[in-house]
Amino acid sequence: MNNIVLFGPPGAGKGTQSELLINKYKLVHISTGDLFRKHLSEGSELGKLAQGYMDEGHLVPDEVVTGMVEDKISSSNKSNGFIFDGFPRTVPQAIALDNLLENLNAPINAMLMLEVPQQELIDRLILRGKSSGRADDRNLEKINTRIKVYEEETLPVANYYREQGKLHPIEGIGSIQSIFERLQKALDNQ
Ligand code: AMP
């Protein structure tokens with residue numbers, strides 16, 4: 001099994017690159033942002049709970065996120081592995097993920113960290129907000145909050161994987177194809 005964490009700030013291209021990686025490596029996509037948006041559109045209790053946090057650009061509490069990921073892993077077909085996109089976003093989430101995967105005897109193999117300068121992130125998110133319909137992409141203040149939350153709460157997760165020798169920093173600027181090639185190189189040379 002090949003379990004990958006695709007990591008990076010909002011607007012780094014995680015969703016776009018996930019799709020390409022899934023096709024090539026036949027992985028199951030677990031995007032916590034997508035899962036929350038699905039719950040929201042279905043009006044589920046979980047969606048209602050998450051909405052306030054998402055609207056403000058804050059993180060949904062760890063127990064809620066990890067419970068949702070656990071459900072998704074156990075309801076997924078056995079596969080070549082998972083690609084985690086937008087998860088884990090805190091160190092407790094990373095520890096919870098390691099525990100979940102330990103039960104499956106299939107640890108995280110690599111953490112690919114997309115690095116993109118801050119102004120480029122803001123420009124990309126504003127552009128995405130024009131077509132995505134995502135409320136959290138349409139307001140500069142919320143975009144700035146999400147980038148700040150990433151720096152303060154999520155960046156420590158990179159150290160967690162660095163200490164395990166799994167962190168691969170990837171330059172996240174340039175064409176979609178050139179970034180994809182860098183990601184493949186990192187995975188194929190593991
Ligand atoms: P994303 O689509 O990954 O940018 O996520 C959109 C929003 O969903 C985030 O701003 C958070 O409010 C929430 N969210 C997604 N993933 C997580 C996570 N792993 N932990 C906490 N909140 C999350």
Side-chain angles (χ1 to χ4, degrees), residues 3-22 27-73 76 82-101 108 111-116 118 120-161 170 172:
N3 289 321
I4 298 164
V5 172
L6 188 58
F7 191 79
K14 300 188 293 294
T16 306
Q17 295 295 337
S18 284
E19 281 182 28
L20 299 173
L21 291 167
I22 290 158
L27 303 169
V28 170
H29 189 205
I30 300 195
S31 157
T32 43
D34 286 353
L35 289 172
F36 281 130
R37 280 184 289 279
K38 185 161 180 282
H39 276 283
L40 251 169
S41 70
E42 289 166 354
S44 74
E45 284 308 311
L46 186 66
K48 285 178 200 152
L49 199 157
Q51 180 162 30
Y53 298 99
M54 294 174 77
D55 283 350
E56 292 308 314
H58 292 298
L59 295 183
V60 178
D62 288 336
E63 319 76 66
V64 179
V65 186
T66 51
M68 182 174 75
V69 170
E70 186 172 4
D71 287 348
K72 177 73 185 169
I73 289 177
S76 296
F82 296 102
I83 179 160
F84 296 95
D85 161 4
F87 176 86
R89 261 176 157 98
T90 64
V91 171
Q93 288 181 20
I95 294 170
L97 179 61
D98 273 351
N99 291 334
L100 283 174
L101 294 177
I108 291 294
M111 194 253 219
L112 305 170
M113 177 175 177
L114 289 169
E115 296 182 311
V116 178
Q118 185 158 323
E120 170 83 12
L121 294 174
I122 295 170
D123 294 346
R124 286 187 192 177
L125 289 168
I126 288 173
L127 195 70
R128 184 170 82 184
K130 288 185 180 151
S131 58
S132 71
R134 278 182 60 166
D136 59 349
D137 283 343
R138 269 185 263 156
N139 175 313
L140 189 55
E141 199 185 318
K142 283 176 192 164
I143 289 175
N144 283 327
T145 303
R146 281 155 66 211
I147 293 175
K148 189 161 170 268
V149 165
Y150 172 78
E151 283 169 355
E152 290 176 359
E153 298 181 52
T154 303
L155 257 184
V157 175
N159 264 333
Y160 178 85
Y161 287 102
I170 308 285

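Just so you know, ligand 1 is whichever comes first in the structure, and atom 1 is the first atom listed for that ligand. Just so it is clear, the values below take in all heavy atoms, side chains as well, and ignore hydrogens, waters and symmetry mates.
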Quiz item: What atoms of ligand 1 come closer than 4.0 angstrom to any heavy atom of Q93?
Solution: 18 (C), 19 (N), 20 (N), 21 (C)
Quiz prompt | Lys/Arg-Asp/Glu bridge criterion (N-O < 4.0 Å) met for K48, E45 | solution = yes
Quiz item: Does G86 reach ligand 1 with a nitrogen or oxygen that is under 3.5 Å from one of the ligand's nitrogen or oxygen atoms?
Solution: yes
Quiz item: About how many Å separate CD1 of I30 and CD1 of I73, when rounded to the nearest 0.5 Å?
Solution: 4.5 Å
Quiz item: Any N or O on R89 sitting closer than 3.5 Å to an N or O of ligand 1?
Solution: yes
Exercise. State whether D137 and R124 are salt-bridged, where the test is any N-O pair (Lys NZ or Arg NE/NH1/NH2 against Asp/Glu carboxylate O) under 4.0 Å.
Key: no
Quiz item: Which atom names give the shortest non-hydrogen contact between D136 and M54, and what distance separates them?
Solution: CB-O, 4.0 Å
Quiz prompt | K14, portion touching ligand 1 at heavy-atom distance under 4.0 Å | solution = neither
Self-check item: Polar proximity ligand 1 side, T32 side, N/O cut 3.5 Å exclusive
Solution: yes
Self-check item: R134 to ligand 1, any heavy atom closer than 4.0 Å
Solution: yes
Practice problem: Specify side chain, backbone, both or neither for V60, according to which of its non-hydrogen atoms lie closer than 4.0 Å to ligand 1. | Solution: both
Exercise. Check F87, Y150, F84 against F7 for a ring-ring contact (aromatic ring centres under 6.0 Å, His included) and give me the one that passes.
Key: Y150
Quiz item: Going by the order shown, which atoms of ligand 1 are within less than 4.0 Å of some heavy atom of H58?
Solution: 11 (C), 12 (O)
Quiz item: Between V157 and Y161, is any pair of side-chain heavy atoms under 4.5 Å apart?
Solution: yes
Quiz prompt | Nearest-0.5 Å distance that lies between atom CG in D62 and atom CD1 in I95 | solution = 9.5 Å
Quiz item: Under 4.0 Å from any heavy atom of R37, which atoms of ligand 1 are there?
Solution: 2 (O), 6 (C)
Quiz item: Less than 3.5 Å between some nitrogen or oxygen of D34 and one of ligand 1, yes or no?
Solution: no
